[in-house]
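Within every chain, numbering begins at 1; the chains are lettered A, B, ... in the order of the sequence lines, protein sequences first and strands thereafter.
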Protein chains: 2
Amino acid sequence: MALGHAVLAALLEGDASGYQLSKRFDVSVSNFWSATSQQLYRELDRLERHGLLHGRVVEQRGRPNKRVFTLTTAGRDHLHGFIEQPSRPTAIRDDLLVKVQAFDGTDRDAIRAAVVDRLDHARRKLALYEQLRDDLLDGRSEDTYLRDADRVGPYLTLMGGRMFEHQIIQWCTKVLDVLDQRLHRT
Amino acid sequence: MALGHAVLAALLEGDASGYQLSKRFDVSVSNFWSATSQQLYRELDRLERHGLLHGRVVEQRGRPNKRVFTLTTAGRDHLHGFIEQPSRPTAIRDDLLVKVQAFDGTDRDAIRAAVVDRLDHARRKLALYEQLRDDLLDGRSEDTYLRDADRVGPYLTLMGGRMFEHQIIQWCTKVLDVLDQRLHRT
DNA sequence: TCGTTATAGACAACAAGTTGAATAGGTGCC
DNA sequence: GGCACCTATTCAACTTGTTGTCTATAACGA
């Protein structure tokens, strides 16, 4: 139940409906997990059946009713239990890397385009993370924030996402370098 | 068909049986994809049905026969086609990050242990990658290798894995720092 | 000789994730 | 006035990935 734990962790930041949760997963939660809205709804049902959270229907004018979910005590306990379990290191699985691996000299332009694309995406992500970071720090220094904040988890995972994208940028730059060097060879 | 492409790419390094392939996935291929042997056997059957590779049975003395798979021309073409398709950036999905996100002060020791564990694992992985790199370079400088080598893909993905683990190490170190700072607060 | 590790696979059940579509009112823009 | 996007959720079908069990043989060391 990997997604489930991510959902429970996300709800630590406050109650939310499925839709709100999917928005949360699009931005801040994307640092540590990703999921489509369909997955989320399915998982919310499942977690509710297991008593780890409970939803109440909120009626709305002019738009469909929504179900807002809250963590139960059992849900919090479950999260604590999860933290104690060993976690396997995540394996890398990346289309772009498969493409680079398969590079045999004939499809240089296509590979180059794919890498440039990813580089672009990573830069955008990084900018978003910097923004989120500024919002979170709200003028304070990192040290001050880390000392005083109630929950440091969200900041640390954000730093994780930031470093991740940074590394992608480095790698892409290197790959482009190599590809361009080889252009002059042939 | 994401796994399929990884298998095809792995076979670019030479023909292999299911078992050999699973070994390959454990070491060098793990830089860009991961899969269990069960997944591999299933995928090999599928790829053969689609004509992207073909297997021939090799009889062995004293042990079960093995099927050795070779890329077909259709398989190579398919790989080239794949390279031209846009690839979505991989989403992060990591148990450890979920745990850190969920950190609420009460389970400091468990989180710490999980991070130390991961740090350890990353260091080991990094050492392995350095070894693979040395083997690949075989005394040559990186520049020389990149200029002369037939296929630079494997080296570049290896560098990807290397940078990835390096970044993990940085992040883990930072998290431990923060956790230990907070110890002195409470 | 017994247990362990490595080789080489097959099969089944289940969990997780993706893709595509449907519903239905609301807001903003040209 | 129409079109596109936003809110909010659900359903169905499918592909991927995980976990566990099973059958064999061979080499190695205690």
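- In the model, N31(B) has no side-chain atom that pairs as donor or acceptor with a side-chain atom of T157(B) under 3.5 Å.
- If you measure from atom CZ of F69(A) to atom P of dA8(D), you get 13 Å, rounded to the nearest angstrom.
- Closest approach to the K66(A) side chain among dT9(D), dG9(C), dA21(C) is made by dT9(D) (side chain taken as heavy atoms from C-beta onward).
- Atoms CD and CG, from Q101(B) and D94(B) in turn, are 12.0 Å apart once rounded to the nearest 0.5 Å.
- Contact between the side-chain N/O atoms of Q38(A) and the OP1/OP2 oxygens of dC11(D) is not found at any separation under 4.0 Å.
- Between Y41(A) atom OH and dA16(C) atom P there is a gap of 20 Å when expressed in whole angstrom units.
- Per the geometry, CG belonging to L40(A) stands 11 Å off P belonging to dT9(D), to the nearest Å.
- For R42(A) against dG17(C), a side-chain N or O and a base N or O form a donor-acceptor pair under 3.5 Å.
- dG9(C) atom C1' lies 10 Å from atom CG of D45(B), rounded to whole Å.
- Not a single donor-acceptor pair, N or O on each side, falls under 3.5 Å between the base of dG9(C) and the side chain of R67(B).
- No donor-acceptor contact under 3.5 angstrom links the side chains of H50(A) and H78(A), judged on distance only.
- Side-chain contact check for T106(B) and D104(B): at least one donor-acceptor pair (N or O, by modelled atom type) lies under 3.5 Å.
- Rounded to whole Å, atom C1' of dT18(D) lies 13 Å from atom CG of D95(B).
- For the pair Y19(B) OH and dT5(C) P, the interatomic distance rounds to 13 Å; values are reported in whole Å.
- For the helix from dT1(C)-dA30(D) to dA24(C)-dT7(D), the angle separating the two terminal helix axes comes to 30°, with each axis derived from five pairs and the value rounded to 10°.
- Nearest-nucleotide positions on DNA chain C for Q20(B) and R93(B) put Q20(B) closer to the 5' end.
- With a 6.0 Å cutoff to the six-membered ring centre and a 45° limit on the axis angle, K99(A) counts as a cation-pi contact of F82(B).
- When only modelled atom types and interatomic distance are considered, Q181(B) and D177(B) share no side-chain donor-acceptor pair under 3.5 Å.
- Straight-line distance from the CZ atom of R49(A) to the P atom of dA15(C): 11 Å, rounded to whole Å.
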